[in-house]
Amino acid sequence: MNPQFGDYQFEIYLDGLRGVAPTQPMDFAALEERARAALPDSVWSYVAGGAGDEHTQRANVRAFERHGLVPRMLVGAERRDMSVDVFGLRLPSPLFMAPVGVVGLCAQDGHGDLATARAAARTGVPMVASTLSVDPMEDVAAEFGGTPGFFQLYTPRDRELAESLVRRAEAAGFKGIVVTLDTWVTGWRPRDLSTANFPQLRGHCLANYTSDARFRELTGSDDPQRVVLSWAGLFGNPLTWDDLPWLRSLTDLPLILKGLCHPDDVRRAKDGGVDGVYCSNHGGRQADGGLPALDALPGVVEAADGLPVLFDSGVRSGADVIKALALGATAVGVGRPYAYGLAVGGEDGLVHVLRSLLAEADLIMAVDGYPTLGDLTPQSLAVVRG
Ligand SMILES: Cc1cc2nc3c(=O)[nH]c(=O)nc-3n(C[C@H](O)[C@H](O)[C@H](O)COP(=O)(O)O)c2cc1C
Ligand SMILES: CC(C)CC(=O)C(=O)O
C-alpha cells in the first residue's frame, strides 16, 4: 500500500476535473447530518446519543480543540510513514475501528458487521468486532481479507460461555481479544429511555450468542425474541481484579483491557500480564460528568510504560488522530464516524470515511513536518488559548 494516504485527496480532485462531483461528505458535521437523514430514528438516536446530558460526549470532542500541533519546517516530509508495529502485527496505519455493537443496523441491508469487515479488508484498517453483532463472528472474520481483526468480549457471567466465545474467536482467526470493562451495566442514556428502543435493537445483535452451543444450553432456545435477556445476567459481568488471572488464562492471543483511564488501573493491568491497555470512556455513552478521554491519555501512557496504548473517544478528524498519537497513543480508534459512513454510503461510504481520515492525517504530517509517527511527541503540541 502506498504510505502516502494523502493521494486520496488527488483522487477526489481528479474526479472534480472529470466533472464528477463528490457525493460523500468531507467533514464530520456534514457526515453526521447525512447519517441522521439516512438512519431510522431509533438507530440514529441510539448511535448518536450518550450518557446523561452528553457533557462528556461533547467534552471528548472539545478536548482535541485545546491542543494545537506546532509545525516544523525544512524536514523533508515528502515521504511519510504511518505504519505501526503492534502485538506482533505490522499495520499500514495506526487507525482502527472501535467495537460498535449495533453497527449491523447502520447498513441498509442490516448486515453492517460484514460491510465493516469488508471495509477493513479494503483499507487495511483493523476492525474490533463487537460481541453484539447481527452476524456471527465467524462470518465477520471471513471478510477480513489480509487485514487483522480483533474480537471485543462482553464477558458473560457464565464462564463457560465466555470461554466458548474466546475459543471461537481464536478459531475464526482473530488476532487479539479486547475485554470491555466499562459496560457491565448500561449507563443512564436519556435518548434510549425516552424511545425505549434499546432492548429491541439489542435483540437484533445477538448472533454470537444464538450461534453458541453453550448459550442454547443455558437459555434453552436460540431465538433471541423468546429468550428473556437481561444485560446483567447474560452479558454484564461485574468483574474485579480477582478475575484478571482468569481473563488472562482464557487465551494466548494478545489481551487488551478497554476502558482504562486511571494510571493505577493501568499499572495493575500491566502487573496482571495484559498485552495492551485501551484508554476510552466509551465515547461518553456510559457515564456523564467524566474526564474527556484525551485528558486521561498522558497518564495512561506514562503508567503503561511501553505497553501498547489504544485510544478512542471523540476522534473526528485526521488532525485528531495525529494529536492522540502525539500524546502517546499507539493506535487510535473511531466509533461513530465509521458507523455514520456506513449509514450514508454503505461499505463505500465507510471506506470513504477511513480514507478521508488517513488522507488528512497524512497531509498534516507532510505540511507540519512530522514524517514518521516517531517524530510526534507531546512536545509537538501546544495548548490552544482562547
Ligand atoms: C452505537 C455504539 C455502539 C457501541 N458498542 C460497543 C460495543 O459493543 N462494545 C464496546 O466495547 N464499545 C462499544 N461502543 C463504544 C466504542 O467502542 C467507542 O469506545 C466509542 O464509540 C468511541 O467514541 P466515538 O464514537 O466518539 O468515536 C459503542 C459505541 C457506539 C457509538
Ligand atoms: C450497551 C451495549 C449493549 C452496547 C454498547 O456498548 C453501547 O451501546 O455503547
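Whatever order the structure lists them in is the order used to number ligands and atoms, beginning at 1.
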- Item | Atom of D182, atom of T180 and distance for their closest heavy-atom approach | OD1-CG2, 3.2 Å

- Which pair of non-hydrogen atoms, one from S380 and one from D375, has the smallest distance, and what is that distance? OG-O, 3.6 Å

Could you tell me, atom by atom, which parts of ligand 1 come under 4.0 Å of a heavy atom of [X]?
X	result
G101	3 (C), 4 (C), 5 (N), 6 (C), 7 (C), 8 (O)
V47	1 (C), 31 (C)
S280	19 (O)
D312	17 (O), 18 (C), 19 (O), 22 (C)
S130	7 (C), 8 (O)

- Kindly indicate whether a cation-pi arrangement holds for R36 with Y340, taking the cut-offs as under 6.0 Å to the six-membered ring centre and within 45° of the axis. no

- Task: Under the side-chain hydrogen bond (donor to acceptor under 3.5 Å, both in side chains) rule, collect the residues that match up with D85, sequence neighbours excluded.
- Result: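 Per chain and number, D85 pairs via side-chain hydrogen bond (donor to acceptor under 3.5 Å, both in side chains) with R90.
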
- Query: What pairs with D15 under side-chain hydrogen bond (donor to acceptor under 3.5 Å, both in side chains), at least two apart in sequence or on another chain?
  - Reply: R18

[atom] - nearest protein heavy atom and its distance:
atom	result
atom 21 (O) of ligand 1	G335 CA, 3.6 Å
atom 7 (C) of ligand 1	Y154 OH, 3.4 Å
atom 12 (N) of ligand 1	K258 NZ, 3.0 Å
atom 11 (O) of ligand 1	T180 OG1, 2.7 Å
atom 1 (C) of ligand 1	R285 NH2, 3.4 Å

Could you check whether [X] pairs with [Y] (Lys NZ or Arg NE/NH1/NH2 to Asp/Glu carboxylate O, under 4.0 Å)?
X	Y	answer
D368	R72	no
R122	D348	yes
R167	E170	yes

Is [X] touching ligand 2 with its side chain, its backbone, both, or neither, if touching means heavy atoms under 4.0 Å apart?
X	result
T180	neither
Q152	neither
Q286	neither

- Note on the structure: Per-atom filter on ligand 2: closer than 4.0 angstrom to a heavy atom of L132 are 2 (C), 3 (C), 4 (C)

- Identify, by atom number and element, the atoms of ligand 2 in contact range of R189, meaning under 4.0 Å from any of its heavy atoms.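 Those of ligand 2 that fall under 4.0 Å from R189 are 1 (C), 7 (C), 8 (O), 9 (O).
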
- Proximity winner for atom 13 (C) of ligand 1, if only heavy atoms of A339, G314, P99 are counted: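 Checking each option, the heavy atom nearest atom 13 (C) of ligand 1 is found in P99.
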
- Query: Is it the side chain, the backbone, both or neither of R316 that has a heavy atom closer than 4.0 Å to ligand 1?
  - Reply: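 It is the side chain that touches ligand 1; the backbone stays farther off.
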
- Message: So L69 and Y370, do their side chains get closer than 4.5 Å, heavy atoms only?
- Response: yes

- Do any nitrogen or oxygen atoms of T183 come within less than 3.5 Å of a nitrogen or oxygen of ligand 2?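 Min N/O separation from ligand 2 is not below 3.5 Å for T183.
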
- Message: T186 versus ligand 2: do any nitrogen or oxygen atoms come within less than 3.5 Å of each other?
- Response: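 In fact, backbone or side chain, T186 has no N or O that close.
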
- Could you walk me through whether E163 and W246 pass the side chain to side chain donor-acceptor pair (under 3.5 Å) test, one step at a time? CA-CA 10 Å; E163 282 158 18; W246 168 69; 3.1 Å; yes

- N60 (side chain) donor-acceptor with P292 (main chain) under 3.5 angstrom: no

